[in-house]
Chemist: 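Got a structure for you, questions after.
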Amino acid sequence: MTRAARGLWALLLVALVAAAAAPRAVRAQGALTSRSDLVGLYALRGSLGLRARDWPRRADPCVAWVGVGCRAGRVVSLSLVGLRRTRLGRLAPRFDVDGLRNLTRLETFDAAGFGLPGSIPAWLGDGLAPTFRSLDISACAVTGEIPASALSGLGNLTTLNLAGNRLSGQLPADALKGLTRLTTLNLSGNAFSGALPDAVWALPGLSVLDVSRANLTGALPAAGLALSASAQVVDLSGNFFYGGVPDPFRRLFGRLAQTNISGNYFDGKLGVADGGGNFSSELNCFLDAPGQRTQADCQQFYAMRGLPYNGPVTPPAPQPAPAPARKKKHKNLKYILIGAIVGGLLLVAVVAGIVFCFVCSGRRTRRNVQRESEAPASTPSRVPATSAAAAAGGTPPSALSANTAKVGDSFAYDHLANATSGFGEERLIKHGHSGDLYHGVLQDGTAVVVKKITARVARKDAYLAELDLFAKGLHERLVPFLGHCLDDEEEKVLVYRFVRNGDLSSALHRKSREEDEGMQSLDWIKRLKIATGVAEALCYLHHECTPPMVHRDVQASSVLLDDKFDVRLGSLSEVCPQEGEGHQNVITKLLRFSS
């Protein structure tokens, strides 16, 4: 036996001796008597990095450990709500709850708001006790898909709450079908794909169903609805459900205490009476309900998916009547005059350009000759910066690349609108100075940030500076660029990959509550890594780009951090060529030549 193993068994022995020596009054209140439970609790204490003030050593867990509930000397409930990790535990939090396997009488596990970053363990369904009834891991920063095996062995489960995480993929239909005793199911605030399985509607004891803002789609089943009379709440809001509302659902929605189907694409006639309950159906495609989407939005949604639309079709806009034919008198004379005027203007512009080039060349030559005469004989004369840039293959900073539209992927505007819930306010991250930023999820589950640039927010050509920079290469220290949508003349859209840890400003002012939810604080090692990353990004702009580029808006909110705290420099619409002797703007040149 290793020294570490002997030390662990020694601690367990001390705890058991302390429990045996406790007064009989304490033992009667539920002192721990199971060695298996004690081993499991200490394993959780180590893997979760819990503080000694909450789970103190050499104390009976049933008496002194916060959140541990016992009955007849066995652990039956475990709550991590309000608990905090140690400093070392916050450095690398993870979803490590293997100690639950030892708690063979456990009935409830509540970790709401406690950071458990990572995927749900596949062994969870078979590893938990047969008596297990309630699982709440809402707002725990859980990611990935839900393994079917994680739910397959939980036949006695009555409450399942996975809300407010980053879960993705399709829901396991067969596993959900086996949860026949389930009364509460909350999957809201995630990024699933596909439809809500019909098996959910067939659960006979389901009383509360909340799948709002879960990125689900599909139509309501015409048959198989088995919700009992005890059903109270159904919330389908903020998804992509479509089609009509079948009669069984109309009757169900009419008798529930609370129903919310707003923010979807249901069509046809609703035909549901309020029934005295709280019923919401706004922002759909119903014909007999107020506050619905526009007909154009509904038609576009159904057309993208190749689905038949049962609502009214917007008639095409009437074509204006052809203007009456004008008299052809003097028609040829008018065209001759226009051609003569345009030709004269072009000739004047060409002559002015030639004269301007000669003046520029003469002044530059005189300056170079003067420098050579003043420089020491051992010092070679400098090559003009503009010639050096041309020799290096550079382009003037004012001339944007003609291939900027080929940078990244080209996205359809409809796909980006669906990914951001129609650029809704609930997906808005912030109003940036170069465009509005929205959080979205593509059809393949990729989390993205979508920047919408309109004339109201910024110049219509503000996006060209970013595309020109990305045309030089996608550097690992710049914001991860995915593609664009440039079809609309009045509105341009750029797409970036979502970075998990936000910007440096948020990380520097992060509160302790956010750290508990899986967001790590910035120790000195991370701060040094971030400073080095910013230096690498600026070095790339200043020394590796041709011509050298300058970032005119370097601040904490411009420094983005990925899941490994690697720097991704943003706000690239403020990047411009460095002004020097070979890269002066037109106004500067005119002022110098006129002096």
Side-chain angles (χ1 to χ4, degrees), residues 168 170-171 187-198 211-222 234-246 249-250 253 259-272 280-317 409-428 436 438-448 450 452 454 483-485 487-488 490-493 495:
S168 58
Q170 296 187 350
L171 295 172
L187 304 175
S188 62
N190 284 286
F192 298 113
S193 59
L196 180 66
D198 294 347
V211 293
S212 59
R213 305 180 312 280
N215 201 47
L216 296 171
T217 185
L220 298 179
V234 171
D235 192 343
L236 310 179
S237 62
N239 287 289
F240 299 94
F241 293 114
Y242 56 82
V245 179
F249 284 91
R250 290 196 179 108
F253 295 159
T259 305
N260 191 349
I261 60 174
S262 61
N264 287 285
Y265 290 87
F266 291 116
D267 65 355
K269 292 187 176 181
L270 178 58
V272 176
S280 301
S281 62
E282 294 81 7
L283 290 178
N284 277 284
C285 302
F286 292 121
L287 303 178
D288 56 347
Q292 302 301 297
R293 299 181 186 271
T294 64
Q295 296 180 13
D297 290 343
C298 295
Q299 292 179 39
Q300 183 181 26
F301 175 84
Y302 279 79
M304 286 176 55
R305 289 160 175 79
L307 301 171
Y309 177 53
N310 296 327
V313 178
T314 304
D409 296 330
S410 179
F411 290 90
Y413 184 87
D414 299 334
H415 293 170
L416 298 179
N418 291 334
T420 57
S421 300
F423 296 101
E425 290 294 329
E426 69 277 6
R427 295 295 184 98
L428 180 65
D436 296 336
Y438 296 85
H439 180 267
V441 180
L442 300 181
Q443 294 180 349
D444 61 358
T446 302
V448 296
V450 179
K452 186 168 69 171
T454 60
H484 50 74
C485 176
D487 299 336
D488 194 340
E490 300 298 327
E491 189 175 274
K492 307 298 181 181
V493 183
V495 184

Chemist: Determine whether a donor-acceptor pair (N or O, by modelled atom type, separation under 3.5 Å) exists between the side chain of N190 and the backbone of S188.
Modeler: yes
Chemist: Apply side chain to side chain donor-acceptor pair (under 3.5 Å) to S212 and list each qualifying residue two or more places apart in sequence or on a separate chain.
Modeler: D210
Chemist: How would you list, by chain and number, every residue that makes a ring-ring contact (aromatic ring centres under 6.0 Å, His included) with F192, sequence neighbours excluded?
Modeler: none
Chemist: Applying side chain to side chain donor-acceptor pair (under 3.5 Å), can you list everything that pairs with D235, at least two apart in sequence or on another chain?
Modeler: S237
Chemist: Treating N284 as the side-chain partner and F286 as the backbone partner, does any N or O pair qualify as donor plus acceptor under 3.5 Å?
Modeler: no
Chemist: Donor-acceptor pairs under 3.5 angstrom involving side-chain atoms of residues 421-428: please list them, not counting sequence neighbours.
Modeler:
from	atom 1	to	atom 2	distance (Å)
R427	NH1	A419	O	3.0
R427	NH1	H439	O	3.4

Chemist: Is a side-chain donor or acceptor of Q292 paired with a backbone partner of S281 at a separation under 3.5 angstrom?
Modeler: yes
Chemist: Give a yes or no answer on whether the side chain of R213 reaches the backbone of L236 with a donor-acceptor pair at less than 3.5 Å.
Modeler: no
Chemist: Donor-acceptor pair, N239 side chain versus V211 backbone, under 3.5 Å?
Modeler: yes
Chemist: For D488, what residues pass the side chain to side chain donor-acceptor pair (under 3.5 Å) criterion, not counting sequence neighbours?
Modeler: none
Chemist: Could you grab the distance from atom CD of E282 to atom CG of N264, nearest 0.5 Å is fine?
Modeler: 11.5 Å
Chemist: Who pairs with Y265 by ring-ring contact (aromatic ring centres under 6.0 Å, His included), at least two apart in sequence or on another chain?
Modeler: F301
Chemist: Are the side chain of S262 and the backbone N or O of S280 linked by a donor-acceptor pair below 3.5 Å?
Modeler: no
